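Structure record follows, encoded as structure tokens.
Just follow the structure's listing: the first ligand is 1, and inside any ligand the first atom is 1. What you are looking at is a predicted structure, and each value in this text was computed from that prediction instead of being measured.
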Amino acid sequence: MTTAAPPSQDILKPHLAIAGGHKLQGELRVSGAKNSALVLMTASLLTSERLTLHNVPPLTDIDGMESILVSLGVKVRRRSETIELQASSLTSAEPPYKLVNGLRASFFAIGSILARMGYAKVPLPGGCRIGARPVVEHIRGLKALGALVTVEHGVVTAAVPGESKRLKGASIVLDCPSVGATETILMAATLAEGISVIENAAQEPEVQDLANLLNAMGARITGAGGPTITIEGVETLHGCEYSVIPDRIEAGTFLLAAAITRSRLRVAPVVPDHLSAVLQKLRDCGCVLEIDEEGITITPGEIKGVDITTQPFPGFPTDLQAPFMALLATANGTSVITEKIYENRMQHVAELQRMGASIRIQGNTAVVEGVSNLSAAPVNGTDLRAAAAMVLAGLVARGSSQVRGLNHLDRGYAGIEAKLRACGAVLERLLS
Ligand code: EPZ
């Protein structure tokens, strides 16, 4: 006699119940960029004066970063989407493992802690479901700026030798245009003695946003947004007020929500240049885009297959690979999707297959044969962007889907179900 396998714990987790087949209309509002706000918050460590950030999205990752900064002695005040950070007297240079472990971006703070205090001890962030995600380039950059860095027992300890405790300007050529390494080195070099140059730097809009903030705090940075960034070190930085850029990945996800439900919709605010590769693929697969001052109105036509390869910016962003695959699973024809950034970012494929998608995987390439209908099913979002792909598929699948993995979704999408419901989607969060 076989005993039934106990239900997986997931079944008991909160989920989104999504009734598929409802068109969307109106406007989807885009919040501030998670991947910018997180690193901009760590820039507060570089000055004793108050830094006020506006347009900070209400996300669990932001809560996590707030706890880390508070553990270092930063005074924090939050009112809706504004956060005031004051690092007048830091009490620690060692963020606790239990806080860092859950939030990879917190490792990037090692650059600002070291520059401000001449010493930092930060646990390694470790890998995650989508890849090993080493921090070799971050450490190599800090060493080039003169820090003595050791990695022991999963902890990175960095110290600046000498009286002045100031890092020294240097030239660094990155082996890969890592976003986090560029941001870490950029923050460390702002207070270094002399000139630093980062070659093969990441060109993402979030890197540009960080450089713009640091320049507003008195730094001397040129070239951000391009492959070569030059930083002339200064003695001190001052406080300022700054507004975080809109979230291009959330905006892209919303444009895909319109495309997959074949709905005409406006998405705003968006900076079109932050999404150029994505907008091109949307046009190629049959969408008409009207771009105005503040936003984009999308009118999907018949959706046809397109090929996508993820690349560092300005190439196609890996963070929209899964949401775009959900759309192409419903397209007319074949699409070949190649993931070039992470070694393990195809876990959404099995969940889309549960909904009737026709997808074959070969290594880091997925061959997607579009189907005319997806069917609703209980599915699990295995990481942040995979969870978003499940929500998009649920919006169009026949029947009612149960999407789990909301702990991932809430890390990067502020109030997504309320926003979608306001545009006509039928979904609700159920606690079990
Ligand atoms: C940032 O991660 C984003 N996270 C990621 O978004 C995004 O996927 C990624 O950039 C790429 O665009 C934040 O900004 C908080 P990388 P980051 O260092 O900085 C390899 C999301 O969904 N690499 O540019 O960690 C690495 O393994 C998240 O919001 C090395 O090999 O990314 C990866 O394959 C997920 N050695 C590639 O480079 C290194 O020393 C890109 O990583 C550093 C990185």
I need the nearest protein heavy-atom contact for [atom]: residue, atom name and distance, please.
atom	answer
atom 3 (C) of ligand 1	N35 ND2, 3.6 Å
atom 24 (O) of ligand 1	V179 N, 2.8 Å
atom 18 (O) of ligand 1	S178 OG, 2.7 Å
atom 20 (C) of ligand 1	C176 SG, 4.3 Å

Quick one: are [X] and [Y] in side-chain contact, heavy atoms under 4.5 Å?
X	Y	answer
V234	L191	yes
Q203	P227	yes
L40	Y242	yes
T318	E339	yes
H138	I185	no

Please state which part of R104 comes within less than 4.0 Å of ligand 1, counting heavy atoms only: side chain, backbone, both or neither.
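The answer is the side chain.
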
Using a 4.0 Å cut-off to any heavy atom of [X], which atoms of ligand 1 qualify?
X	answer
F108	19 (O)
D319	5 (C), 6 (O), 7 (C), 8 (O), 21 (C), 22 (O), 28 (C), 29 (O), 35 (C)
A105	15 (C)
T318	8 (O)
G180	18 (O), 19 (O)
E137	39 (C), 40 (O)

For [X] and [Y], test the side chains for any donor-to-acceptor distance below 3.5 angstrom and give the result as yes or no.
X	Y	result
S178	E137	no
H54	E241	yes
E152	T157	no
S31	K419	yes
D247	Y413	no
N212	Q208	no

Does any N or O atom in [X] lie less than 3.5 angstrom from one in ligand 1, N or O only?
X	answer
A181	no
I130	no
P177	no
V136	yes
Y342	yes
R133	yes

So for [X], does at least one of its heavy atoms come nearer than 4.0 angstrom to any atom of ligand 1?
X	answer
K34	yes
P134	yes
F313	no

So, are R79 and E84 salt-bridged, with charged N and O less than 4.0 Å apart?
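The answer is yes: the pair qualifies as a salt bridge.
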
Should the pair D319-K34 be classified as a salt bridge under the 4.0 Å nitrogen-to-oxygen rule?
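No.
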
Of the choices Q311, R385, H138, R345, which has the non-hydrogen atom that lies closest to atom 35 (C) of ligand 1?
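When every heavy atom of Q311, R385, H138, R345 is considered, R345 comes closest to atom 35 (C) of ligand 1.
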
Nearest-option assignment for atom 37 (C) of ligand 1, heavy atoms, candidates D61, I341, V207:
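Residue with the shortest heavy-atom distance to the ligand atom: I341.
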
